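A short write-up of the structure that comes next.
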Amino acid sequence: MFRKLLVANRGEIACRVIAAARDLGIRTVAVFSDADAGARHVAMADEARCIGPAPARSSYLDIAAILAAAKASGAEAIHPGYGFLSENAEFARACERAGIVFVGPTAEAIAAMGDKAAAKSLMAKAGVPVVPGYHGDNQDAALLAEEARRIGYPVLIKASAGGGGKGMRVVERAADFRAALEAARREAKAAFGDDRVLLERYLLRPRHIEFQVFADRHGNVVHLFERDCSVQRRHQKVIEEAPAPGMTDDRRRAMGEAAVAAARAIGYVGAGTVEFIAEADGRFWFMEMNTRLQVEHPVTEMITGVDLVKWQIAVAAGEPLPLRQEELRIRGHAIEARIYAENPERGFLPSTGRLRRLRTPRACEFTSAAPLRIDSGVREADEITPHYDPMIAKLIAWGETRAQALARLRAALAEFEIVGVASNVEFLGRLCASRAFAAADLDTGLIERSREELFPVQDGAADQDLACAALAELFLEEEAARAEARASGDPYSPWCAVDGWRLNLGARHEFVFREGEREHRVALRFERSGYRFSVGGREYALAGERDGDRLRLRLGEASFCCGVFRDGSEWHVFRDGRHRVLSLKGGEEAEHADTAGGTLTAPMPGKVIQVLVEPGAVVAKGAPLLVLEAMKMEHTIAAPHGGRVAAIHYRAGEQVAEGAELLRLEPA
């Protein structure tokens with residue numbers, strides 16, 4: 001086994017690898033960029049080395065800098081994690097030339113699967129079924145348009161050199177093909193340095209099912225069963241589970257054998273994932289092979305009891321696989337939810353900022369031995385930057401049955417409290433409770449076909465939320481008054497009391513909370529047994545107490561708990577999985593950039609890719625105005641209302657800061 005291992009990655013996967021290596025008695029070296037100097041993975045490792053500035057191309061994608069760090073630290077092996085250089089054949093070759101073990105497959109295997117078009121041809125020769133499409137070298141736009149017509153619409157344009165939903169577009173009709181092709185090529189070039197694409201028949205209501213495969217250097221290859229990754233947004237996975245609901249023994253056997261055949265066809269070594277697209281009638285086709293560990297690997301660990309990262313390290317050290325195929329068993333069901341800093345209501349646009357509050361449910365980390373697990377690479381007060389993937393955590397729940405696992409996942413999601421960035425936690429709660437997901441009626445279009453249920457019209461704060469905020473504010477004022485009294489010369493002075501007493505009037509406190517355009521006036525009247533709470537002409541008896549950083553309340557006949565956090569003038573209320581932000585009128589005013597969906601300001605730092613209008617153009621509400629690239633994804637800035645383009649402040653190719661005004665509209 002290795003004495004020292006360098007982890008060439010960041011975030012939760014770096015933390016995951018460091019924890020596994022520590023359990024094996026291996027010392028670890030973390031690498032970090034200037035933006036990650038205080039990151040969690042840096043604190044966890046035995047030693048750490050800076051490899052460059054914040055942009056990934058100057059740090060985590062810098063092969064020479066990573067190898068220099070490995071040499072200087074005396075690391076014998078490098079674990080690439082996933083993303084960045086994990087599927088870079090040149091990096092694997094460079095490690096070999098430097099005499100450092102690459103914890104992963106050979107460079108030849110990575111190259112064979114890295115070109116998605118060539119990989120499909122190779123798989124077809126190996127007898128693995130592939131989706132009908134075009135995987136040729138000729139990238140002429142006219143030829144691709146003709147191939148799309150031959151395949152039949154809808155078609156999927158997909159980057160040949162990558163994955164993760166980048167450089168991918170679904171085209172419904174021929175008239176949209178050219179524009180979609182240009183966008184896919186731009187995104188592929190930005191993400192992978194390669195703008196080649198392939199075309200596939202886009203299947204209606206398909207399921208995305210992948211098989212975890214593992215191979216050693218002694219000719220042993222096994223699969224560790226399947227994962228269903230059908231629930232996606234923007235072609236990126238949101239929720240994954242294992243085993244796949246409705247999977248029959250015969251279908252599992254056939255798909256498992258195909259996955260193993262795919263690994264054998266390229267002489268694979270280490271952990272990999274063979275991804276299939278499957279239809280309800282039982283047919284399935286090879287989609288791609290990811291020559292690395294996947295983000296969703298914990299669900300496989302939870303149902304098999306296998307630590308895949310420890311297996312990776314052992315196999316890289318030359319050891320045989322610990323188990324044979326017939327020794328592997330499925331136990332129970334596991335579901336993983338990816339918690340991102342993003343805004344689902346704004347097209348899942350990534351969000352940046354400091355995690356001013358991060359409260360998570362009680363769970364174990366990086367282990368398959370508990371029913372609830374959290375893998376995370378961030379802590380409270382860490383910053384989500386525009387330089388890297390905005391994942392906050394992965395929440396994984398296990399149960400004897402899918403229903404039990406889902407119940408645990410929903411309960412745990414309701415305990416998350418995140419302030420400082422937008423998050424998808426509330427959306428994930430709705431998704432888990434949706435009719436289609438609860439019934440395991442899964443396909444890659446689930447989110448789109450369930451939009452009405454998943455994106456309901458947002459109602460205002462309930463009386464319970466307002467009572468939470470009012471009582472929390474009162475408790476805060478009482479605490480401040482007691483502190484002031486203790487510091488004064490007369491700590492028992494009645495002037496230090498916060499009991500709402502007024503001469504010839506009842507003892508009461510009044511607050512005004514704003515929620516968007518709404519204004520809520522509430523009052524708390526002091527009574528012997530507690531308070532009388534009134535809002536909008538409604539009155540309730542109210543009693544409450546602190547329970548750590550949460551409140552226990554009784555409002556009328558209802559008892560409940562809530563989490564509260566004050567950030568400037570805003571009270572953040574977390575109750576029953578919902579997050580409400582109530583601004584206390586008259587308090588310290590917080591400044592927020594205008595980043596609502598469809599506005600004319602940059603939602604995050606990025607580069608202008610295309611300007612789609614000219615000055616003086618008259619546009620309708622929702623018309624696309626400009627395309628911005630941020631976090632290697634393209635975001636279209638649309639007109640928030642009809643009007644005339646009065647000014648365009650940036651040209652294609654220019655960088656913009658978060659909150660910068662991109663265009664100016666005036667009434668037509």
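All heavy atoms count here, side chains included; hydrogens, waters and symmetry mates do not. Note that this is a predicted model, so its numbers are computed, not measured. Numbering of residues begins at 1 and proceeds along the displayed sequence.
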State whether Phe455 and Arg451 meet the cation-pi test: NZ (Lys) or CZ (Arg) under 6.0 Å from the six-membered ring centroid, and within 45° of the perpendicular axis. yes
Using a strict cut-off of less than 4.0 Å between a Lys/Arg side-chain nitrogen and an Asp/Glu carboxylate oxygen, indicate whether Glu453 and Arg435 qualify as a salt bridge. yes
Main-chain N/O of His572 paired with Arg357 side-chain donor or acceptor, under 3.5 Å: no
Do His649 and Glu661 have side-chain atoms, one donor and one acceptor, less than 3.5 Å apart? yes
Under the criterion side chain to side chain contact (heavy atoms under 4.5 Å, CB included), I'd like the reasoning laid out for Leu628 against Leu626: C-alpha separation, chi angles, the key distance, then a yes or no. CA-CA 7 Å; Leu628 183 73; Leu626 179 148; 4.2 Å; yes
Between Arg575 (side chain only) and Gly563 (backbone N and O only), is there a donor and an acceptor less than 3.5 Å apart? no
For Tyr340, does its backbone N or O pair with a side-chain atom of Asn424 as donor and acceptor, under 3.5 Å? yes
Is the count of non-hydrogen atoms from other residues, nucleotides or ligands lying under 6.0 Å from Glu557 atom CD greater than 12? no
For Ala638 and Leu625 the tightest heavy-atom approach is C-CD1, 4.0 Å
May I ask you to check whether over 12 heavy atoms, not counting those of Arg57, lie within 6.0 Å of atom CZ? no
Under a 3.5 Å cutoff, is there a donor and acceptor pairing between the side chains of Tyr82 and Asn9? no
Using atom types as modelled and distance alone, determine if a side-chain donor or acceptor of His41 lies under 3.5 Å from a backbone N or O of Val31. yes
Under 3.5 Å, side chain of Glu515 to main-chain N/O of Ala461, donor-acceptor pair present? yes
Spatial distance of atom CG (Leu349) from atom CG (Asn343) [nearest 0.5 Å]: 7.5 Å
Any side-chain to backbone donor/acceptor pair from Ser59 onto Pro53? Under 3.5 Å, distance only. yes
Tell me if a side-chain donor or acceptor on Glu240 pairs with a main-chain N or O of Lys237 at a distance below 3.5 Å. no
Check this for me, if you would: do Glu477 and Arg482 make a salt bridge, where the nitrogen-to-carboxylate-oxygen distance has to be below 4.0 angstrom? no
Keeping Asp576 on the side-chain end and Arg578 on the backbone end, is there a donor-acceptor pair under 3.5 Å? no
Are there over 12 heavy-atom neighbours, none belonging to Arg552, within less than 6.0 Å of that residue's CZ? no
Is the ring centre of His579 less than 6.0 Å from the ring centre of Phe574? yes
Using 4.0 Å as the upper bound for N to carboxylate O, is an ion pair formed by Glu345 and Arg430? yes
Exam field: side chain Ser351 to backbone Ala422, donor-acceptor pair closer than 3.5 Å: yes
Tell me whether the count of non-hydrogen atoms from other residues, nucleotides or ligands lying under 6.0 Å of CZ in Arg546 goes above 12. yes
Distance col, row Ser559:OG vs Gln464:CD, nearest 0.5 angstrom, shows 11.0 Å
Between Arg379 and Asp382, is there a salt bridge with N-O shorter than 4.0 Å? yes
Backbone of Arg532 reached by a side-chain donor or acceptor of Arg508 within 3.5 Å: no
Between Glu296 and Arg338, does any side-chain N to carboxylate O distance fall below 4.0 Å? yes
Once the angle between the rings of Tyr60 and Tyr388 is folded into 0 to 90°, is it parallel (under 30°), tilted (30 to 60°) or perpendicular (over 60°)? perpendicular
Do the charged groups of Arg362 and Glu415 touch, with an N to O distance under 4.0 Å? no
